[in-house]
Amino acid sequence: MRLSKFLLATLREAPSDAETQSHKLMIRAGMIRRIAAGIYNFLPTGLRVFKKVENIIREEMNNTGALEVMMPFVTPSDLWIKSGRWDIYGKELLRFKDRADREFCLGPTHEEVVTDLVDREIKSYKNLPLTIYQIQPKFRDEIRPRFGVMRAREFVMKDAYSFDIDEPSAEISYQKMFDAYKRIFERCSLNFKAVEADSGNIGGSVSHEFMVLTDTGEDVIMTCDKCDFAANLKSTPVVFDEQYQIDRKDYLPLDLVATPSLVSVSEVSEFLKTTFRNVVKTMIVSTNQGFEAALIRGDHELSITKYKRFRELDTVELATADQIKKLNTIKGFSGPIDLDIKIYADNAIRPMINFVTGANQLDKHCMNVNFGRDFNINDFGDLREAQPGDKCQCPEEGVLTTTRGIEVGHVFKLGRKYSDSMSAKFVDKNGKEKSFFMGCYGIGVGRVIAAAIEQNNDDNGIKLPLSIAPFEVVVIPTDLKNNDVVKFSEQIYHFLLDSKFDVAIDDRDETPGVKFKDAELLGIPWHVVVGPKSLAKDVVELKNRLTGASEEIKKNDYTKIEETINETS
RNA sequence: CGGGGUGUAGCGCAGUUGGUAGCGCACUGGUCUGGGGGACCAGGGGUCGUCGGUUCAAAUCCGAUCACCCCGACCA
């Protein structure tokens, strides 16, 4: 590629609203441009990187025997009604009607479509197992898109779906995908970790997230210092020590106290001269089965994810101030006493005695509250988020610590959730109808790019590995008025082209400084610099963007350039 | 959706008693320059987010509206 004919679109300054390094650099390098919130154009430079990542994914998917298809971006409501997700998916699903008033949505994921597809085409166990995938846009109307293509509303995802006769067979399909994911992210030179995760809206039991480890990641990962346990904070189990004793005779009389305008646990505990740990928060949640209350110790946080799973609910969110008011209590002063809804408590509440709660009255709290005496708890469970310092569940009793990560891939063992609800069946060996055992597997293509850049950059810009860089090597003539420089640059350029490198020549009429800056900003791993000074010494310069190393090579020794790149990359 | 903030040239920004809109980078033409975003000369580009109001006069004051960004619940 001749850069004089290319749309480089590099910027010296990033837009002020870009936050993360990857977002700023992708804009500065001319890879992406925003067109609406969470919706982006990919410019030529960005698309080059995109295609490379896409091809790596495609190759590894094909290697597992998965078959590529293309399913529609626009999907009809009836499939979603059939699976039951039309009602539970919420506002994230962008819905609209066609001219005949039929309802559609933009596909946020394709379990429904693919299940329908396979149900129509596959009738016999003889055609199983089968894994189908596509690389295609998705739309999720995110509440808050941010960080450029990291969390976009429209984004391209590789989504694969496996169909097996039973769980043991599905386990093999799952493992194949798991291994393919590792190879994909290794080929993109990402520093990543596979962690146990919650399966969220998609459903299913077992799931792993592939997290790229960076300080700016949106997800928090818990890891153990003694074993190889690693999980998303949201689904890290909290170990509850059953060894506790309460002398129920030590109950103190219930006491109603004034706590004017004191809402937070820290304010209340300080005012009442007690500790965070002696306060119980009453979190009112709105669920698909009505309102419920979750009791959490003052120094802990409620995990909505765990709550949803514990109660086996479809939707759980914190109630609004208005909703709370209708339950005859007040936001900030809610408490379990005389609260007319179901109450569930975190395990940490079990050993508590004479604690502090809200009084369901403005500016009032209750002291010396005790369950059993003052109110009843429907059930106890693991409802709180894990914290750094918590014990791991491993026998070695390791301690959990946090790191941050970006979720680039997610593999789910779905089971028969969709095949049952959509009655997608095949005929087994015994001539009996059975539902498919399914798995689903996603990779965010744009997010892989952003994560790679987030993990590989410096003051001069992006540093990409050869496998996903926009160009593998750029030839930089420093002086277009010097015939020798131009001649040698062209010769090297054509040699590298013939050697099947993805090579660019910066033949723009720009000063050397501009060319160096752009080559570095774009993250091109190899720069061949051809200038009068080096030619006078019969050499050209070969620079490596990743290591910063620079090497002089005899000007006619083209194969040495080829060898160095091939050996070092 | 709740809370906070911003809209002035492609990007980054200035523009406080209301008086016909400016700087740097980028862009166009030219001369020089040619190993780290070079210099000089000459240019082009704005309904000051939008609509309405106050005023002789509004980027500036008032109201509404839209868009975008940041902090909390989602997920590839």
Side-chain angles (χ1 to χ4, degrees), chain A residues 9-19 23-24 27-28 33-34 36-38 57 89-93 108-109 135-147 149-160 181 197-202 207 209-212 218-219 232 234 283 285-286 301-305 308 315-322 331 406-412 440-451 460-461 476-482 485 509-521 527 529-535 541 543 550:
Chain A
T10 52
L11 258 32
R12 187 177 293 200
E13 286 172 290
S16 55
D17 52 22
E19 279 293 307
H23 188 195
K24 286 183 194 168
I27 292 169
R28 284 230 291 136
R33 292 289 188 263
R34 195 185 64 81
I57 294 171
Y89 215 105
K91 287 187 180 169
E92 213 172 291
L93 192 61
T109 173
I135 301 173
Q136 183 250 25
K138 297 276 179 281
F139 194 96
R140 293 181 189 170
D141 200 355
E142 294 278 350
I143 302 158
R144 191 145 97 83
R146 58 182 142 173
F147 305 148
V149 295
M150 191 84 87
R151 179 189 289 286
R153 292 195 295 170
E154 186 182 292
F155 60 100
V156 172
M157 179 160 107
K158 185 288 299 176
D159 48 326
Y181 272 41
D198 179 66
S199 37
N201 261 351
I202 311 291
S207 90
E209 287 169 334
F210 286 80
M211 307 295 269
V212 170
E218 288 190 88
D219 287 282
N232 194 303
K234 286 183 285 190
M283 315 288 290
V285 293
S286 164
E301 293 300 328
L302 170 66
S303 166
I304 299 244
T305 305
K308 198 195 281 187
T315 61
V316 174
E317 48 191 38
L318 290 178
T320 63
D322 286 346
K331 190 177 177 190
I406 299 164
E407 182 189 358
V408 290
H410 203 154
V411 292
F412 300 83
C440 81
Y441 318 90
I443 293 179
V445 182
R447 199 175 268 188
V448 168
I449 298 169
N460 292 318
I476 301 177
T478 61
D479 183 357
L480 294 186
K481 295 231 168 74
N482 183 310
V485 168
D509 186 14
E510 292 286 355
T511 56
V514 173
K515 296 182 182 184
F516 294 146
K517 289 286 185 194
D518 276 343
E520 281 159 5
L521 176 59
H527 308 168
V529 182
V530 183
K533 284 184 187 170
S534 45
L535 281 187
E541 219 173 303
K543 285 203 283 193
S550 175

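Remember, predicted model here, so these are calculated numbers, not experimental data. Per chain, numbering begins at 1; letters A, B, ... match sequence-line order.
- With distances taken from any side-chain atom of S16(A) to the nucleotides C70(B), G36(B), G12(B), the minimum falls on G12(B).
- In this structure, C40(B) and G30(B) make a Watson-Crick or G-U wobble pair, each of the two defining distances being under 3.5 angstrom.
- Side chain of E13(A), nearest nucleotide from G12(B), A73(B), A76(B): G12(B).
- Using a 4.0 Å heavy-atom cutoff across all strands shown, D518(A) reaches at least one base atom of the nucleic acid.
- Taking the 5.5 Å centre cut-off and the 30° plane limit, the aromatic side chain of F155(A) is classed as stacked on A76(B).
- Across the P atoms, G7(B) and C11(B) are found 14 Å apart, a figure rounded to whole Å.
- Taking only distance into account, the side chain of K543(A) meets the base of G36(B) through a donor-acceptor pair shorter than 3.5 Å.
- Counting any heavy atom pair closer than 4.0 Å across all strands shown, E19(A) reaches sugar-phosphate atoms only and no base atom.
- Comparing G38(B), C1(B), A76(B) against the side chain of H410(A) picks out A76(B) as the nearest.
- Considering only residues two or more places apart in sequence or on other chains, V156(A) meets the side chain to side chain contact (heavy atoms under 4.5 Å, CB included) condition with F50(A), I135(A), V445(A).
- G46(B) and U8(B) have their P atoms separated by 15 Å, with the value rounded to a whole Å.
- Of the possible polar contacts, one joining the K515(A) side chain to the P477(A) backbone as a donor-acceptor pair under 3.5 Å is found.
- Of the listed nucleotides (A76(B), C70(B), C11(B)), A76(B) has the atom at the smallest distance from the side chain of E142(A).
- Closest to the side chain of R144(A), from the set C75(B), C74(B), C70(B), is C70(B).
- At the heavy-atom level, V408(A) lies under 4.0 Å from the strands shown only through sugar-phosphate atoms.
- Residue-level contact check: N460(A) touches neither bases nor backbone, having no heavy atom under 4.0 Å from any strand.
- Relative to the side chain of F412(A), the nucleotides C75(B), A76(B), G36(B) differ in distance, and A76(B) lies closest.
- Taking side-chain N and O atoms only, R151(A) has no distance below 4.0 Å to OP1 or OP2 of C75(B).
- Pairing for A76(B) is absent, judged as Watson-Crick or G-U wobble with the two contacts each under 3.5 Å.
- Rounded to the nearest Å, the gap between the C1' atom of A14(B) and that of C71(B) is 29 Å.
- Using a cutoff of 4.0 Å between basic side-chain nitrogens and carboxylate oxygens, D17(A) and R34(A) are not scored as salt-bridged.
- The base of G35(B) sits within donor-acceptor range of the side chain of S534(A), with an N or O pair under 3.5 Å.
- Across all strands, I143(A) comes closer than 4.0 Å to base atoms (heavy-atom distances).
- Formation of a donor-acceptor pair under 3.5 Å by the R28(A) side chain with backbone atoms of L11(A) is found in this model.
- With a cut-off of 3.5 Å on both pairing distances, the Watson-Crick or G-U wobble partner of C51(B) is G63(B).
- In this structure, A152(A) reaches the bases: a heavy-atom distance under 4.0 Å links it to at least one base atom across the strands shown.
- At the heavy-atom level, E218(A) lies nowhere under 4.0 Å from the strands shown.
- Shown here, C68(B) forms a base pair with G5(B); the pair counts as Watson-Crick or G-U wobble because both key distances fall under 3.5 Å.
- Put simply, the side chain of R153(A) and the base of C75(B) share no donor and acceptor less than 3.5 Å apart.
- Rounded to the nearest Å, the gap between the C1' atom of C61(B) and that of G18(B) is 8 Å.
- Using cut-offs of 30° and 60° for the angle between ring planes, the Y181(A) and F210(A) rings count as tilted.
- Nucleic acid contact class of N482(A) (heavy atoms, under 4.0 Å, all strands): none.
- Counting non-hydrogen atoms under 4.0 angstrom, K234(A) reaches a base of the nucleic acid.
- In this structure, the side chain of R140(A) does not engage the main chain of E154(A) through any donor-acceptor pair within 3.5 Å.
- Atom name P, nucleotides U28(B) and G22(B): the rounded distance is 23 Å, in whole Å.
- Among the atoms of the strands shown, base atoms are found under 4.0 Å from some heavy atom of K517(A).
- Evaluation of atom-type donor-acceptor distances gives no pair under 3.5 Å for the side chain of D17(A) against the base of C70(B).
- Comparing the same atom, P, in G49(B) and in A21(B) gives a spacing of 14 Å after rounding to whole Å.
- Backbone-only engagement by G409(A) is indicated by non-hydrogen atom pairs under 4.0 Å involving sugar-phosphate atoms exclusively.
- Among the protein residues, V529(A) comes within range of the nucleic acid bases, having at least one heavy atom under 4.0 Å from a base atom.
- Ranking C68(B), G35(B), C75(B) by closeness to the R140(A) side chain, first place goes to C75(B).
- In this entry G24(B) has C11(B) as its Watson-Crick or G-U wobble partner, both defining distances falling under 3.5 Å.
- Pairing of G19(B), defined by two Watson-Crick or G-U wobble distances under 3.5 Å, is identified with C56(B).
- Here the separation of U60(B) from G19(B), taken at their P atoms, is 10 Å to the nearest Å.
- Using modelled atom types, no side-chain atom of R146(A) and backbone atom of R151(A) make a donor-acceptor pair closer than 3.5 Å.
- Under the 3.5 Å distance criterion, the side-chain polar atoms of K517(A) are left unmatched by any main-chain donor or acceptor of N460(A).
- Minimum atom distance to the side chain of R146(A) is reached by C71(B), of the listed C71(B), C11(B), C75(B).
- Candidate nucleotides G36(B), A76(B), C74(B) were compared by shortest atom distance to the side chain of E92(A), and C74(B) ranks first.
- The same atom, C1', is picked in C51(B) and in A67(B); the two are 14 Å apart, to the nearest Å.
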